[in-house]
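Since the structure comes first, as structure tokens, the remarks are kept for the end.
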Amino acid sequence: MENKENVALTFYSEAYESSIHSYTLPEEQLIYTALPAEAIAKCKQERDRTPVLILAENKLAGFFVLDAGEAVKEYTEGSSALLIRSYSIRPDYQGKGVGKKSLKLLPSFINHHFRTKNKVVLGVNHKNTAAQHLYRRCGFVDTDRHVFGSQGKQFVYQMNIKKA
């Protein structure tokens with residue numbers, strides 16, 4: 001059942017620091033992603049990584065990183081792509097349409113803030129069927145490429161971003 005919550009994407013700000021530090025995920029999801037606090041620490045070390053908050057009614061409901069660095073080349077050719085890392089939705093917002101809404105907002109967010117980018121790529125673990133289903137429902141396609149992460153084989157998914 002989908003909630004009618006207002007979902008928005010915004011860049012990380014320290015105003016959400018306490019929500020970031022109280023953000024948890026079940027063990028079965030943590031094997032596939034990083035917690036926001038850990039991902040933000042890495043963003044501070046690597047300037048090509050941009051932390052993004054998923055807000056539902058102005059409360060932290062999810063998180064991901066857009067990476068424009070060298071790692072993108074492992075997933076696709078060219079320099080016009082962004083790599084999604086550490087995507088997650090807080091457990092109390094899962095199953096309410098927040099993930100779907102956040103991914104549907106992604107093209108306009110990228111068009112507005114990353115004007116030179118025309119696609120988004122990500123690696124999704126071959127065992128993480130729930131995430132695969134969500135990504136495909138939201139416009140990502142399987143590229144038939146694979147990368148290997150800490151938890152084994154990942155399918156490379158891509159979404160083309162149409163420019164306005």
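- Remark: L53 CG to N58 CG distance equals 11.5 Å, nearest 0.5 Å.
- By the ring-ring contact (aromatic ring centres under 6.0 Å, His included) test, F64 is found to be paired with Y87, residues two or more places apart in sequence or in another chain being considered.
- Note that the OG1 atom of T76 and the NZ atom of K73 stand 12.0 Å from one another [nearest 0.5 Å].
- Residues Y23 and G62 approach most closely at OH-CA, 3.4 Å, considering heavy atoms.
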Step-by-step side chain to side chain contact (heavy atoms under 4.5 Å, CB included) determination, S22 to R90: CA-CA 10 Å; S22 66; R90 288 175 71 148; 4.3 Å; yes
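- Here CD of Q132 is found 5.5 Å from CZ of R136. Values are rounded to the nearest 0.5 Å.
- L66 is not connected to Y12 by any chain of hydrophobic side-chain contacts under 4.5 Å among Ile, Leu, Val, Met, Phe, Trp and Tyr, and they are in different clusters.
- One hydrophobic cluster, built from ILVMFWY side chains closer than 4.5 Å, holds both I89 and I84.
- Under the side chain to side chain donor-acceptor pair (under 3.5 Å) criterion, S19 pairs with no residue, sequence neighbours left out.
- Residues L9 and Y135 fall within the same hydrophobic cluster, defined by Ile, Leu, Val, Met, Phe, Trp and Tyr side chains chained together at heavy-atom separations under 4.5 Å.
- Between F11 and Y16, the ring center distance fails the sub-6.0 Å criterion.
- When atom types are taken as modelled, the side chain of K117 and the backbone of H113 share no donor-acceptor pair closer than 3.5 angstrom.
- The side chain to side chain donor-acceptor pair (under 3.5 Å) search around H133 returns none, not counting sequence neighbours.
- Note on residues 24-45: pairs passing side chain to side chain donor-acceptor pair (under 3.5 Å), not counting sequence neighbours, are Q29-Q94.
- No more than 12 heavy-atom neighbours from other residues, nucleotides or ligands sit within 6.0 angstrom of NZ on K127.
- Side-chain contact between L55 and V7: absent, with no pair of heavy atoms (C-beta onward) separated by less than 4.5 Å.
- By the ring-ring contact (aromatic ring centres under 6.0 Å, His included) test, H146 is found to be paired with F155, residues two or more places apart in sequence or in another chain being considered.
- The side chain to side chain donor-acceptor pair (under 3.5 Å) test applied to D142 returns no partner, not counting sequence neighbours.
- Of all non-hydrogen atoms in T129 and H126, the two that sit nearest each other are CG2-O, 4.5 Å.
- More than 12 heavy-atom neighbours from other residues, nucleotides or ligands sit within 6.0 angstrom of CD on E46.
- V124 and A131 make their closest contact through CG2-CB, 3.7 Å (heavy atoms, listed as atom of the first residue, atom of the second, distance).
- Within the model, atoms OH of Y157 and CG of D144 stand 10.0 Å from one another, a figure rounded to the nearest 0.5 Å.
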Side chain to side chain contact (heavy atoms under 4.5 Å, CB included) assessment of R145 paired with Y75: CA-CA 8 Å; R145 292 179 67 160; Y75 295 80; over 6 Å; no
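- With hydrogens and angles disregarded, no donor-acceptor distance shorter than 3.5 Å links the side chain of S86 to the backbone of V65.
- No continuous path of ILVMFWY side-chain contacts below 4.5 Å connects I54 to I40, so the two sit in separate hydrophobic clusters.
- Remark: Q154 CD to E74 CD distance equals 8.5 Å, nearest 0.5 Å.
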Verdict with reasoning, F140 to L106, per side chain to side chain contact (heavy atoms under 4.5 Å, CB included): CA-CA 11 Å; F140 282 86; L106 200 52; 4.2 Å; yes
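- Taken to the nearest 0.5 Å, the CZ atom of R49 stands 5.0 Å off from the CG atom of D67.
- When atom types are taken as modelled, the side chain of Q158 and the backbone of V121 share no donor-acceptor pair closer than 3.5 angstrom.
- L105 and V98 end up in the same hydrophobic cluster when Ile, Leu, Val, Met, Phe, Trp and Tyr side chains are linked at under 4.5 Å.
- L25 has its side chain within reach of P91: a pair of non-hydrogen atoms, C-beta onward, lies under 4.5 Å apart.
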